[in-house]
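Just so we're on the same page: letters track the sequence lines, and every chain starts at 1.
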Amino acid sequence: METFRAPIGTHDVPPPASAWWEDALGRFAGLARRSGFGLLISPLFEDVAVFDRGIGATSDVATKEMYVFTDRGGRQLALRPEGTASVVRAFVQHRPPTPWKVWYATPAFRYERPQAGRYRQHHQVGVEALGSADPALDVEVIALAARFYEALGLRQVRLLVNSMGHPECRGAYVALLAQYLGAHATELCEEHRERAQENPLRVLDCKRPACVAVTERGPQLPDHLCEECRDHFATVREGLASLGLDTTLAPRLVRGFDYYTRTTFEFVSDALASAQNAIGGGGRYDGLAEQLGGPPTPGVGFGSGLERLRLAWEAEGAGDPAADPRADVFVVDTTGGQRATTLADALRRAGLVVERAYDQRSMKAQMRLADRSGAAVAVLVGPQELAADSVTIRDLRGAVEGAQVSVPASDVVAAVRERVTER
RNA sequence: GUGGGCGUAGCUCAGUUGGCUAGAGCGCCAGGUUGUGGUCCUGGAGGUCGCGGGUUCGACCCCCGUCGCUCACCCCA
């Protein structure tokens, strides 16, 4: 019989490890809600042009990493490779009142070779805020990410910031950079020797020593911003500082999507040894709504990868490994299981976490399962209890471990609750 | 796309210079216990040694191919 595996680059998160995901998603939802972000549900796939025009048709992600397919109606669609473009598409489609603040949790798909902290399907949480250019919104978005990491117990996180200016001052800088790179073309790495003029900003991102040596001595983005962009960036940094959030200026941080303007930022985990140490990132994208056919609308947001957060969390030893969800009570029934069905239902309706055995197992086997379930008490039903319409409640843990008492079946919820809340 | 490492039980792994019915721990199941868990003792189930081909009297071991996992480059979460 042929066996199947999850497709290359994808993975399952079975329990108990998935408990961490539930916890992280819950914390993120709470933080977002308290900051006035509402949940946006949107399709996993879009017209491929949403991403081409959104993240930039020349970007690596758009050119060679997208899962593109043609549906039965001949439409060219793509699985979302990142979160922002879809959100802005939804904004343009619905034209909600601004500021429009939404959060999301979504898988993202990129066709690339998997390695540590990199998958073909990964999962992101993020927020987007459209309709305001106020630097206070940049601060709010970045702070939300920082508070999320704190809430997960992460400590070894650094915040890198940069500003890419708006199209005009960046244009002037890019021209300057192109000229500089042209003069030093022979010193660049092999890949960029030819291609530097196509997209000069990309060279800033290159980690090869040859390129780094050239770009770190060349013109720096933050030094060439117009006055407005310079002020905006300064206000963002001051705002972050006022919240106790330290920033590291990263003048060559440009990130891989073309839509960014002004503020860009990246959170890196110093606990991750691999090259994939960015646990979250984002920035401003003041021209993106217009790119997608909407009115000129400023926007800012971030996305964070759950798989990498989990890796960072593990690397930091930030918490206990996910434990099995503990049961409150385990129902043992040696009379066939019908009583277990009704007792479990009653106890669950009372809000307790209830487990039971199946397949008419022996008393010993059921008690062993009860013990391993972590339940504080076992509710036992045998022929005697069945005849008397009672149950035996046995304490499995704590000071009174092993003690047991018989109660009428009608009192089971109260009797169990009393013992469970005690622990 | 390119390169390195690795594929033996559900999991983590041993397996000698190629040589007997391929092992251990954990987990799982049963018994020791005339209704009662953990610790302990005993027993049991479970493996086409990733797959295909080759060398050999003989392959888990050597060779080739292939698939998968993993790490790295590029880029990103």
Find out whether [X] and [Y] are in side-chain contact, i.e. whether some heavy atom of one side chain is under 4.5 Å from a heavy atom of the other.
X	Y	value
A:Leu306	A:Val125	yes
A:Ser163	A:Arg237	no
A:Val405	A:Arg419	yes
A:Trp313	A:Leu154	yes

Answer with base, sugar-phosphate or nothing: what part of the nucleic acid does [X] contact at a heavy-atom distance below 4.0 Å?
X	value
A:Gln366	nothing
A:Gln384	base
A:Gly280	sugar-phosphate
A:Arg361	sugar-phosphate
A:Ile8	sugar-phosphate
A:Leu396	base
A:Gly126	nothing
A:Gln115	base

Taking atom [atom2] of [N] as reference, at what distance in whole Å does atom [atom1] of [X] sit?
X	N	atom1	atom2	result
A:Tyr119	B:C69	OH	P	12 Å
A:Arg368	B:U39	CZ	P	10 Å
A:Leu253	B:C75	CG	C1'	14 Å
A:Asp333	B:U36	CG	P	15 Å
A:Leu25	B:A77	CG	P	18 Å
A:Met363	B:A30	CE	P	14 Å
A:Phe330	B:G37	CZ	P	13 Å
A:Leu204	B:C74	CG	C1'	17 Å

Let's test your reading of the model: under 3.5 Å, does the base of B:G37 pair with the side chain of A:Arg394 as donor and acceptor?
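Donor-acceptor pair under 3.5 Å: yes.
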Per the atom types in the model, does the base of B:C75 pair as donor or acceptor with the side chain of A:Gln276 at under 3.5 Å?
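Indeed there is one.
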Paired nucleotide for [N] [Watson-Crick or G-U wobble; both distances under 3.5 Å]:
N	result
B:A59	none
B:C26	B:G10
B:G18	none

Between B:C29 and B:G37 - P atom distance, rounded Å
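Roughly 14 Å separates the two P atoms.
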Please give the distance between the C1' atoms of B:C62 and B:G3 as a whole number of Å.
24 Å
Kindly list each side-chain donor-acceptor pair under 3.5 angstrom involving residues 136-151 of chain A, sequence neighbours excluded, with atom names and distances?
from	atom 1	to	atom 2	distance (Å)
A:Asp138	OD1	A:Arg284	NE	3.0
A:Asp138	OD1	A:Arg284	NH2	2.7
A:Asp138	OD2	A:His232	NE2	3.1
A:Asp138	OD2	A:Thr263	OG1	2.7
A:Asp138	OD2	A:Arg284	NE	3.0
A:Glu140	OE2	A:Lys101	NZ	2.6
A:Arg147	NH1	A:Glu150	OE2	2.8
A:Arg147	NH2	A:Leu243	O	3.1
A:Tyr149	OH	A:Ser304	OG	2.7

Check this for me: does any side-chain nitrogen of one of A:Asp411 and A:Arg417 sit under 4.0 Å from a carboxylate oxygen of the other?
no
Does A:His123 stack onto the base of B:A77, taking stacking as ring centres under 5.5 Å apart and planes under 30° apart?
no
